[in-house]
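All values below were derived from every heavy atom in this structure, side-chain atoms included, with hydrogens, water molecules and symmetry-related copies excluded.
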Amino acid sequence: QVQLVESGGGLVQAGGSLRLSCAASGRTGSTYAMGWFRQAPGEERDFVAAITRSIGRTYYADSVKGRFTISRDNAKNTVDLQMNSLKPEDTAVYYCAAAQGYFSGLNYLRSAHYHYWGQGTQVTVSS
């Protein structure tokens, strides 16, 4: 089992920045990659970014490329999401997730590929 706890959400004005952090505990060595998803009210949970545990390869949704940066610290078992140039449409609950299986094709985009989830942290961007 892997436990995930997010932190760092909050309220920010458009154009501002926030940094989310995810602390992992338990059998973290069994994870292949960590990712961030987000879910706005009435919407599906969407992929935001992911990073592989070993070589740190990163993946981003088109909507956040150039604005968000995912990073990891394997020694501390943390994964961060630096969010810059935030827009009102970035408003959502952000979830940290861990995948045990390899990324193949576009499966990194699918929430079903991730086995463990945090409780979520609210990010609100005001216009």
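The side chain to side chain contact (heavy atoms under 4.5 Å, CB included) test with L81 singles out one residue from T69, V48, I51, L18, and that residue is V48.
Salt-bridge formation is not detected for the pair K87/D90: no Lys NZ or Arg NE/NH1/NH2 atom is positioned less than 4.0 Å from an Asp or Glu carboxylate oxygen.
The shortest non-hydrogen separation linking R72 to S54 is NH2-O, 3.1 Å. Residues L4 and A24 approach most closely at CD2-CB, 3.6 Å, considering heavy atoms. Between M34 and A98, the shortest heavy-atom distance links the atoms SD-CB, 3.5 Å.
A ring-centre distance under 6.0 Å is not found for F47 and Y59.
In the hydrophobic clustering of ILVMFWY residues, with side-chain heavy atoms under 4.5 Å counting as a link, V12 and V64 come out together.
Residue pairs meeting the side-chain hydrogen bond (donor to acceptor under 3.5 Å, both in side chains) criterion with at least one member in residues 12-22, sequence neighbours excluded, are S17-N84, R19-D80, R19-Q82, S21-D80. Pairs engaging residues 26-37 under the side-chain hydrogen bond (donor to acceptor under 3.5 Å, both in side chains) rule: T28-N77, S30-Q100 [sequence neighbours left out]. Sorted pairs that involve residues 68-101 and meet ring pair (Phe, Tyr, Trp, His ring centres under 6.0 Å), not counting sequence neighbours, are lacking altogether.
Within the 3.5 Å criterion, the main-chain N or O of Y108 finds a donor-acceptor partner in the side chain of Y114.
Taking OG from S63 and CZ from R38, the interatomic distance works out to 4.5 Å, rounded to the nearest 0.5 Å.
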